[in-house]
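Written out below as structure tokens is the structure these notes cover.
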Amino acid sequence: MPEIHHISAETRDRLQAELIDLTGRGRIDIAAQIEAARLLGDLSENGDYHAAKEEQGKMEGRIMRLKAILENCEIVADSEDRSGDSVVAPGLMVSIRFQGDDEVEQYLFGSIEERRTGIEVVSPGSPMGQALEGARAGETVTYEANGNRLSIEVVAVEA
């Protein structure tokens, strides 16, 4: 069963626009780069050709990723509409404190595609995300990472 991606309507729209751009303009541009590189001669020693083909592979990988996300996504309510939510859920901010640390760290809980400047994202599919999902402020959850058992306190859950 495919992974369900919980994203905002804004992120869905941004990803759809990126997909349209890559499958239209992006493919045309990369085809032109490959054709121009072919005209330079021997393909076995043509760095421009190999770079363009590598870029094409990366772009096609991104197109596949975007299609998978958009085909298997659920739109989460705007965080303002969920200000009364008190459990960690996609689209909300969670403040945590690692056991033995005084510093409180804040993360957006959701898809990596929700990333914003200056805000770290924790994915629900990650070990830390799996432990946090459904937790309430004041609770301590544990998870395993790199063979270590880590405990974190949920300090706050906010829109």
Side-chain angles (χ1 to χ4, degrees), residues 1-40 43 46-98 103-137 141 143 145-146 152 154-159:
M1 182 170 197
E3 175 187 357
I4 300 297
H5 300 272
H6 296 90
I7 58 176
S8 65
E10 177 185 335
T11 296
R12 182 205 50 217
D13 294 346
R14 181 177 49 80
L15 296 179
Q16 285 177 331
E18 181 182 354
L19 179 61
I20 290 167
D21 181 58
L22 289 176
T23 56
R25 181 207 52 82
R27 283 182 171 158
I28 292 168
D29 288 353
I30 200 71
Q33 289 175 17
I34 291 169
E35 184 58 31
R38 279 189 176 138
L39 297 174
L40 296 176
L43 297 182
N46 187 330
D48 290 345
Y49 175 78
H50 293 290
K53 290 297 282 183
E54 184 175 326
E55 190 63 30
Q56 180 186 40
K58 289 178 185 176
M59 185 182 69
E60 291 300 325
R62 179 65 178 162
I63 288 170
M64 289 173 50
R65 172 87 174 132
L66 290 171
K67 285 180 178 180
I69 291 170
L70 292 169
E71 289 171 2
N72 300 295
C73 71
E74 281 184 17
I75 305 303
V76 295
D78 290 338
S79 58
E80 287 128 22
D81 297 340
R82 302 169 62 197
S83 57
D85 289 357
S86 59
V87 299
V88 177
L92 298 177
M93 298 296 294
V94 59
S95 299
I96 63 167
R97 182 181 304 117
F98 285 90
E103 185 179 338
V104 174
E105 299 177 25
Q106 191 172 41
Y107 294 91
L108 172 64
F109 188 79
S111 169
I112 193 69
E113 296 296 339
E114 296 284 345
R115 66 185 170 271
R116 301 175 198 139
T117 304
I119 298 175
E120 295 288 327
V121 177
V122 63
S123 167
S126 69
M128 184 168 100
Q130 290 174 0
L132 284 170
E133 191 159 23
R136 296 180 179 282
V141 297
Y143 69 100
N146 299 326
I152 48 179
V154 178
V155 176
V157 179
E158 0 181 82

Drop me the distance from [X]'s [atom1] to [Y]'s [atom2], to the nearest 0.5 angstrom.
{"X": "Arg62", "Y": "Leu22", "atom1": "CZ", "atom2": "CG", "result": "7.5 Å"}
{"X": "Ile69", "Y": "Ile4", "atom1": "CD1", "atom2": "CD1", "result": "12.0 Å"}
{"X": "Glu113", "Y": "Leu66", "atom1": "CD", "atom2": "CG", "result": "6.5 Å"}
{"X": "Asp48", "Y": "Leu39", "atom1": "CG", "atom2": "CG", "result": "11.5 Å"}
{"X": "Ile30", "Y": "Met59", "atom1": "CD1", "atom2": "CE", "result": "6.0 Å"}
{"X": "Ile96", "Y": "Ile152", "atom1": "CD1", "atom2": "CD1", "result": "4.5 Å"}

For [X] and [Y], work out which heavy atoms get closest and say how close.
{"X": "Asn72", "Y": "Glu3", "result": "CB-O, 3.4 Å"}
{"X": "Val157", "Y": "Val87", "result": "CG1-O, 3.5 Å"}
{"X": "Val104", "Y": "Ser95", "result": "CG1-CB, 3.8 Å"}
{"X": "Arg136", "Y": "Ser86", "result": "NH1-OG, 2.6 Å"}
{"X": "Ala68", "Y": "His5", "result": "O-CD2, 4.3 Å"}

Sequence neighbours excluded, which residues qualify as side chain to side chain donor-acceptor pair (under 3.5 Å) partners of [X]?
{"X": "Glu105", "result": "Tyr107"}
{"X": "Gln33", "result": "none"}
{"X": "Arg97", "result": "Glu153"}

Among pairs that include at least one residue of residues 117-130, which meet salt bridge (Lys or Arg N to Asp or Glu O under 4.0 Å), considering only residues two or more places apart or in two chains? none

Qualifying salt bridge (Lys or Arg N to Asp or Glu O under 4.0 Å) pairs with a residue from residues 22-35, counting only residues at least two apart or across chains: Asp21-Arg25, Arg25-Asp29, Arg27-Glu60, Glu35-Arg38

Does Leu19 form a side chain to side chain contact (heavy atoms under 4.5 Å, CB included) with Lys67? I'd like the steps, not just the answer. CA-CA 8 Å; Leu19 179 61; Lys67 285 180 178 180; 4.0 Å; yes

Pair Glu114-Thr11, side-chain donor/acceptor within less than 3.5 Å: yes

As a quick check of understanding, evaluate side chain to side chain contact (heavy atoms under 4.5 Å, CB included) for Ile7 and Ile75, giving each step before the final call. CA-CA 5 Å; Ile7 58 176; Ile75 305 303; 4.2 Å; yes

Solution key, residues 121-135 side-chain donor-acceptor pairs under 3.5 Å, sequence neighbours excluded:
residue, atom, partner, partner atom, Å
Ser123, OG, Gly125, N, 3.2
Ser126, OG, Ser123, O, 2.8
Ser126, OG, Gly129, N, 2.9
Gln130, NE2, Gly125, O, 3.1

So, Arg14 and Glu10, do they make that salt bridge, N to O below 4.0 Å? no

Kindly determine whether Ile34 and Lys53 satisfy side chain to side chain contact (heavy atoms under 4.5 Å, CB included), including the steps that lead there. CA-CA 7 Å; Ile34 291 169; Lys53 290 297 282 183; 3.6 Å; yes

Donor-acceptor pair, side chain of His50 and main chain of Leu43, under 3.5 angstrom: yes

Is any side-chain heavy atom of Val94 closer than 4.5 Å to a side-chain heavy atom of Val154? yes

